Novice: 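Questions regarding the structure given below will be posed in turn.
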Amino acid sequence: MNWYEYNFDGLIGPTHNYSGLSLGNVASMTNKKQVANPQQACLQGLKKMKDLHDLGFKQGLLAPHCRPHLGLLKQLGFSGSNYAERIRKAYEYSPGLLASLSSASAMWTANAATISPSPDTRDGKIHITPANLVNKFHRFIEPEVTSRILKKTFKDDQYFTHHSPLPSHENFGDEGAANHTRFCNQYGEAGVEFFVYGRFAEIENSPAPKKFPARQTKEASEAVARLHQLYPEKTIYAQQNPAVIDQGVFHNDVIAVGNRNCLFYHEQAFLNSELTCESIAQLFNEFHFIKVSTSAVSVSDAVTSYLFNSQLLSLPNGKMALVVPEESRQNQAVWSYLSQLTQDHSQPISEVLVKDVKQSMKNGGGPACLRLRVVLNESEARGVNPKTILTDSLYTSLVSWAKKHYREELSEQELADPLLYQECETALDELTQILDLGSIYDFQL
Ligand code: SUG
């Protein structure tokens with residue numbers, strides 16, 4: 001039986017914009033109010049998927065959400081005889097509120113859910129828990145539709161168990177796979193699941209960042225591990241270094257990435273790096289820790305270049321490729337570090353692939369944010385909606401679809417344009433047919 005890692009990227013939605021909604025995410029805060037190009041964003045994301053597909057990697061995609069969120073406008077008391085009036089009233093009341101209800105943030109599917117593959121779970125099923133994303137209002141409104149999309153994508157309940165998101169309270173703040181990594185020798189063997197959290201909710205005076213929020217709690221990670229029926233002896237928890245959260249590392253995937261028996265991380269990533277690495281090493285005969293020192297790459301360079309928000313992918317020859325954003329090539333310290341790294345044949349990373357996802361990057365979303373990983377064997381893969389797996393022809397249809405429906409400019413003021421909602425609805429209605437998703441959006445129910 002063959003086993004593969006699939007990457008499901010978020011298809012970037014028609015309302016992609018820069019509203020500075022994420023306190024603690026440096027790029028989001030810095031690029032607030034810039035004019036976005038949703039069409040280019042979508043095409044950049046699709047190109048990354050196509051390039052990886054062309055290289056032989058298994059590539060799927062998850063549908064975007066419909067925005068602005070009309071149901072919430074109503075729930076918040078913006079009444080009117082039609083949606084144009086409700087959108088106008090919300091904008092007049094607060095452009096920031098309308099921006100939150102209009103965000104295309106569901107594109108960052110690393111935050112869509114945590115997924116545990118079948119070799120890791122006691123019942124041998126693939127467990128999926130959508131993230132509750134409670135820390136940010138514009139993201140806390142994602143899980144309901146994300147759950148529907150996940151169920152229509154990972155369809156066969158013989159293989160997939162879909163859980164509800166954790167309770168929507170900050171004690172159980174859960175940001176999904178952005179703080180979760182699975183290590184293993186071979187994809188089909190029982191793995192080690194590694195959860196990184198920003199703070200304890202229940203323990204007073206425990207280490208926590210001072211300036212920016214810690215979005216993931218240990219309690220949330222533990223609840224996911226229980227739901228997924230993981231083996232406690234193969235589950236590791238580590239606390240993020242609060243000092244780096246305060247420098248813009250709002251998820252662990254901004255400072256570390258792992259694949260199989262390799263962890264590529266910054267020396268300041270964890271509160272107790274030594275202990276963390278020891279607990280991982282104990283469970284493997286051979287494990288590669290690639291520690292990047294502050295003298296080689298500062299935390300600030302890591303945050304602006306998104307070196308660690310890369311995809312670490314296994315190549316057929318047993319080596320690994322690191323898929324980094326263009327911003328990593330632009331950063332001298334990072335690029336020279338990477339050039340040296342690939343010369344060192346004692347570690348597994350032999351190739352660096354550079355991708356241009358600038359539109360997403362300006363909101364703090366690099367290559368790794370844009371994808372949700374799932375390890376599947378051949379039978380399990382047949383339980384996935386086949387229309388959500390990238391092919392050459394699906395790529396061609398989605399490129400034409402985006403060019404037909406997406407704007408090339410979107411500013412904060414334009415979020416109040418009622419035509420934008422109409423365009424979004426039309427595009428997504430067509431998309432549900434292309435991807436054979438049935439009815440997933442509120443306007444279709
Ligand atoms: O949650 N940015 C997202 C970026 C998510 C990146 N994901 C991972 N690291 N896995 C966030 O902060 C910005 C939206 C705005 O400002 O308009 C935003 O939501």
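Note that ligands are numbered from 1 as they come in the structure, with each ligand's atoms numbered from 1 the same way. Just so it is clear, the structure is predicted and the values come from calculations on it, not from any experiment. Atoms considered below: every heavy atom in the structure, side chains included; atoms not considered: hydrogens, waters and symmetry mates. Position 1 is the first residue of the sequence; numbering continues from there.
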Novice: Starting from atom 19 (O) of ligand 1, find the nearest protein heavy-atom neighbour and note its residue, name and distance.
Specialist: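 Going by distance alone, atom 19 (O) of ligand 1 is nearest to His138 NE2, 2.6 Å.
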Novice: Counting from 1, what ligand 1 atoms have a heavy atom of Ser28 closer than 4.0 Å?
Specialist: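 By the 4.0 Å cutoff, the relevant atoms are 13 (C), 15 (C), 16 (O).
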Novice: Which ligand 1 atoms, with their elements, are less than 4.0 angstrom from a heavy-atom of Asn17?
Specialist: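 What qualifies from ligand 1 is 17 (O).
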Novice: Going by the order shown, which atoms of ligand 1 are within less than 4.0 Å of some heavy atom of Ser19?
Specialist: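 So the atoms of ligand 1 that pass are 15 (C), 16 (O), 17 (O).
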Novice: Looking only at heavy atoms, which two atoms of Gly24 and Met29 are closest? And how far apart?
Specialist: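 In terms of heavy atoms, the two residues are closest at N-SD, 3.2 Å.
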Novice: Using a distance-only test with no angle check, is there a side-chain donor-acceptor pair under 3.5 angstrom linking Gln359 and Gln40?
Specialist: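 Short answer, yes.
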Novice: Verify, without hydrogens or angle tests, whether Gln347 (side chain) and Leu341 (backbone) share a donor-acceptor contact under 3.5 angstrom.
Specialist: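 Between the backbone of Leu341 and the side chain of Gln347 there is a qualifying donor-acceptor contact (under 3.5 Å).
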Novice: Applying a heavy-atom cut-off of 4.0 Å, say which part of Lys32 lies close to ligand 1: side chain, backbone, both or neither.
Specialist: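 The answer is neither; Lys32 stays 4.0 Å or more away.
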Novice: Any atoms of ligand 1 less than 4.0 Å from a non-hydrogen atom of Ala110? List them with their elements.
Specialist: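 Counting from 1, the qualifying ligand atoms are 10 (N).
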Novice: Starting from atom 11 (C) of ligand 1, find the nearest protein heavy-atom neighbour and note its residue, name and distance.
Specialist: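 Nearest protein contact, heavy atoms only, for atom 11 (C) of ligand 1 is Ser22 OG, 3.4 Å.
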Novice: Decide yes or no for Leu11 and Leu431: does some side-chain heavy atom of the first lie under 4.5 Å from some side-chain heavy atom of the second?
Specialist: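 They are in side-chain contact.
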Novice: List ligand 1 atoms under 4.0 Å from Gly20, heavy atoms only on the residue side.
Specialist: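 So the atoms of ligand 1 that pass are 15 (C), 16 (O), 17 (O).
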Novice: Can you tell which part of Leu21 has a heavy atom less than 4.0 Å from ligand 1: side chain, backbone, both or neither?
Specialist: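 The answer is both.
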Novice: Against ligand 1, does Arg215 come closer than 4.0 Å with any heavy atom?
Specialist: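 Yes, Arg215 has a heavy atom closer than 4.0 Å to ligand 1.
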Novice: Please check if the side chain of Arg260 supplies one atom and the backbone of Asn185 the other of a donor-acceptor pair under 3.5 Å.
Specialist: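 Judged by distance alone, yes, a pair lies under 3.5 Å.
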Novice: When you compare ligand 1 with Arg139, is there at least one nitrogen or oxygen pair between them that comes in under 3.5 angstrom?
Specialist: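 Yes.
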Novice: How far is atom 10 (N) of ligand 1 from the closest protein heavy atom, and which atom is that?
Specialist: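 Residue, atom and distance for the closest contact: Asp253 OD2, 2.7 Å.
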Novice: Who's the nearest protein heavy-atom neighbour of atom 8 (C) of ligand 1, and how far?
Specialist: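 Residue, atom and distance for the closest contact: Cys369 SG, 2.8 Å.
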Novice: Mark yes or no for whether Asn171, through its side chain, and Gly173, through its backbone, hold a donor-acceptor pair below 3.5 Å.
Specialist: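 No, Asn171 side chain to Gly173 backbone: no donor-acceptor pair under 3.5 Å.
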Novice: Check each atom of ligand 1 against the heavy atoms of Ala178 and keep those under 4.0 Å away; list them by number with element.
Specialist: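 Answer, ordered by atom number: 10 (N).
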Novice: I'd like to know if the side chain of Glu423 pairs up with that of Thr426 as donor and acceptor (distance under 3.5 Å, no hydrogens or angles considered).
Specialist: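 No - no donor-acceptor pair under 3.5 Å links their side chains.
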Novice: For Tyr306, is at least one N or O under 3.5 Å away from an N or O on ligand 1?
Specialist: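 No, there is no polar N/O contact under 3.5 Å.
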Novice: Taking atom types as modelled, find out whether Asn272 and Gln239 have a side-chain donor-acceptor pair closer than 3.5 angstrom.
Specialist: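 No - no donor-acceptor pair under 3.5 Å links their side chains.
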Novice: Just jot down the ligand 1 atoms closer than 4.0 angstrom to any heavy atom of Asn111, in number order.
Specialist: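 Numbered from 1, ligand 1 contributes 5 (C), 6 (C), 7 (N), 8 (C), 10 (N).
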Novice: For Ser102 and His69, test the side chains for any donor-to-acceptor distance below 3.5 angstrom and give the result as yes or no.
Specialist: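 Short answer, no.
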Novice: Only heavy atoms of Gly364, strictly under 4.0 Å: list the atoms of ligand 1 that pass.
Specialist: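 Close to Gly364: 4 (C), 6 (C).
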Novice: Do Tyr187 and Ser314 have side-chain atoms, one donor and one acceptor, less than 3.5 Å apart?
Specialist: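 The answer is yes; a qualifying pair exists.
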Novice: Quick one: does Glu175 get within less than 4.0 Å of ligand 1, heavy atoms only?
Specialist: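 In this structure, Glu175 fails to qualify as a contact of ligand 1 - no heavy atom is under 4.0 Å.
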Novice: Does either side chain, that of Glu430 or that of His405, offer a donor lying less than 3.5 Å from an acceptor on the other one?
Specialist: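 Note: Glu430 and His405 side chains meet the donor-acceptor criterion.
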Novice: Work out whether the distance between some heavy atom of His251 and some atom of ligand 1 is less than 4.0 Å.
Specialist: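 The answer is yes, since His251 has a heavy atom less than 4.0 Å from ligand 1.
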Novice: Got a salt bridge between Lys234 and Asp120, using NZ or NE/NH1/NH2 to carboxylate O under 4.0 Å?
Specialist: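 So Lys234 does not pair with Asp120 through a salt bridge.
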Novice: Can you name the side-chain hydrogen bond (donor to acceptor under 3.5 Å, both in side chains) partners of His138, sequence neighbours left out?
Specialist: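 Scan of His138 (side-chain hydrogen bond (donor to acceptor under 3.5 Å, both in side chains), adjacent residues dropped) gives none.
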Novice: Quick one: does Val254 get an N or O within less than 3.5 Å of an N or O on ligand 1?
Specialist: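 No, no N or O pair falls under 3.5 Å.
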Novice: Should the proximity of Asn363 to ligand 1, defined as any heavy atom under 4.0 Å, be assigned to the side chain, the backbone, both, or neither?
Specialist: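 Both backbone and side chain.
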